[in-house]
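Reviewing the structure listed below.
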There are 2 protein chains.
Amino acid sequence: MSLQYDEIVRGGLARQVADLIRTAILEGRLAVDERLPTEDELARRFGISRPTVREALKVLAAQNLIRSRRGPAGGTFVNRPDKDAAARTITDTATLLVGMGRFDIDEIVAARMETEALCCRLAAANRSEADLAAMADEIALLGEETLSDEDFCASDVRFHRAVVQATGNGPVQLMMHAMIESFIPITNMLIYRDHERRRTVAAHQHIRAAIAARDAETAAQLMRDHVEDMRTVLDQALARRNIDKRQGGTS
Amino acid sequence: MSLQYDEIVRGGLARQVADLIRTAILEGRLAVDERLPTEDELARRFGISRPTVREALKVLAAQNLIRSRRGPAGGTFVNRPDKDAAARTITDTATLLVGMGRFDIDEIVAARMETEALCCRLAAANRSEADLAAMADEIALLGEETLSDEDFCASDVRFHRAVVQATGNGPVQLMMHAMIESFIPITNMLIYRDHERRRTVAAHQHIRAAIAARDAETAAQLMRDHVEDMRTVLDQALARRNIDKRQGGTS
DNA sequence: ATTTTAATATTCGTCAGACCTTTTATGTTT
DNA sequence: AAACATAAAAGGTCTGACGAATATTAAAAT
């Protein structure tokens with residue numbers, strides 16, 4: 001364990017202590033799963049009170065850097081960087097920006113169109129049989145007539161995630177999951193009519209077939225067309241909503 | 001202001017309160033820049049103590065959801081979602097994963113190669129004169145013989161950021177900045193020799209020219225080749241480092 | 001009358017020490 | 001040897017207080 005327990009100079013104490021410990025973790029001076037001193041001990045060594053130590057630790061826990069357990073074998077431990085936890089953090093951050101309207105719909109659609117086309121190319125090169133099976137599952141589910149709108153959207157999301165998964169590329173998966181998830185609130189605005197549903201299922205089938213055939217360019221182009229299609233439906237939905245707003249002002 | 005001050009059921013109190021407030025913010029029940037009750041008031045309404053309230057608020061502050069100021073006009077306020085703050089969060093998260101070796105170098109390079117090629121295509125379509133000027137600046141800087149290794153790397157990063165910027169697409173910028181930044185620690189391992197530096201400058205010039213000419217496919221291919229080149233140099237550097245490790249075991 | 005200065009109230013930031021809850025380890029009993 | 005009871009360790013929470021920063025207000029000086 002290597003930590004400096006003085007050097008405190010200016011700013012909120014809790015913040016400074018959090019920064020010190022975070023830096024120690026990021027620089028590897030605190031190993032993964034290593035146990036920090038007890039809160040009492042930290043307070044003593046930093047020369048601050050325990051509540052302040054706890055505020056600092058809460059910050060680090062919120063960033064998934066540490067975890068705490070009670071009991072004699074408990075204490076505060078350095079977390080192993082976890083892809084899933086990181087994915088959640090990135091997704092939440094992106095979702096917040098999208099939800100608060102910090103991006104235009106157009107640029108979101110454009111971003112998704114291009115990045116998912118890229119995923120198709122990578123997926124065509126790297127897909128496994130399991131990936132193809134996962135896509136097939138969602139295609140079958142999506143084809144069921146009795147599916148509710150919510151279940152239809154959820155399955156649609158899972159298909160796109162399956163394509164991302166098939167890229168076999170960790171960093172790409174990390175970023176794309178965030179992009180797809182943060183887009184959900186907008187896609188959920190859509191109300192799919194029957195013939196639109198059939199179009200979606202057909203598009204998914206063609207995309208899967210191209211990926212299965214390792215035809216990267218066809219898969220990418222099909223995905224672009226598919227997202228473009230979604231944009232058209234989305235535009236209509238938005239237009240309808242605006243008309244409704246003007247006519248029946250029931251806000 | 002709409003907040004439920006009871007419904008506490010199970011789990012850490014601080015955690016629960018943080019979740020309640022976070023949900024209220026995310027659902028828009030607490031408007032941007034709205035002021036929450038004072039910490040004393042929150043403690044009273046939630047039926048908990050002020051230190052616990054503070055732990056909850058620290059968590060939310062760590063997630064950039066709120067800010068606090070002292071004084072009579074002070075208090076706790078809801079933050080406006082900020083692209084820069086979000087970019088920092090995402091970058092830090094990705095950097096942690098990369099730094100702790102949760103991704104293979106190969107998949108990082110592959111991800112960067114494909115995503116930056118994509119950026120070139122978008123940049124060719126959307127670049128402004130200012131974007132081209134920013135790229136030209138970094139090219140000029142990178143050509144200077146006297147540049148230190150650190151400054152060379154920094155300028156290289158800024159060129160790639162300029163390309164990303166030229167896409168004019170917010171979500172893409174968000175994700176790509178994270179990818180480029182998190183890759184820095186690895187690129188910094190490189191020691192560029194003179195002829196490698198010249199190759200880099202030449203590659204940047206060609207990429208910029210293709211983007212200026214709105215030649216998307218050429219720009220994309222040049223970027224792929226450029227990143228591929230970096231990978232080659234990187235592999236050599238890694239090989240050298242491994243040899244050094246075996247010979248001079250000074251750990 | 002206006003500007004400068006001082007007092008004051010408000011709110012976050014920190015502190016001290018105590019008690020509660022959970023969890024593990026130990027030791028006793030059967 | 002297994003089951004149970006007990007104690008100790010550590011985080012989780014509470015109470016009450018004081019310190020520090022800052023906006024408002026009042027007072028004073030120009």
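Lettering follows sequence order; numbering is per chain, from 1.
Considering only side-chain atoms of B:Arg70, the nucleotide from C:dG13, D:dA8, C:dC15 that sits closest is C:dG13. The side chain of B:Ser68 approaches C:dG13 more closely than any other nucleotide in the set C:dT11, D:dA9, C:dG13. Here the side chain of B:Ala73 is nearest to one of C:dG13, D:dA23, C:dC15, namely D:dA23. Closest to the B:Pro72 side chain, of the nucleotides D:dA10, D:dA23, D:dA8, is D:dA23. Which of D:dG11, C:dG13, D:dA8 sits closest to the side chain of B:Glu39 comes down to C:dG13. Nearest to the side chain of B:Thr38, among C:dC12, D:dG11, D:dC14, sits C:dC12.
Not one side-chain nitrogen or oxygen of B:Arg69 sits closer than 4.0 Å to the OP1 or OP2 atom of C:dT10. For D:dT13, neither phosphate oxygen OP1 nor OP2 lies less than 4.0 angstrom from any side-chain nitrogen or oxygen of B:Arg50.
Comment: A:Asp92 does not engage B:Arg22 in a salt bridge, judged by the lack of any side-chain N to carboxylate O separation of less than 4.0 angstrom. Under the 4.0 Å criterion applied to side-chain N and carboxylate O atoms, A:Glu41 and A:Arg44 are assigned as salt-bridge partners.
Using a 4.5 Å cut-off on side-chain heavy atoms (C-beta onward), B:Arg88 and B:Asn64 make no contact.
Within 4.0 Å of B:Arg54, counting heavy atoms only, lies at least one base atom of the nucleic acid.
A donor-acceptor contact shorter than 3.5 Å links the side chain of B:Asp131 to the backbone of B:Ser128.
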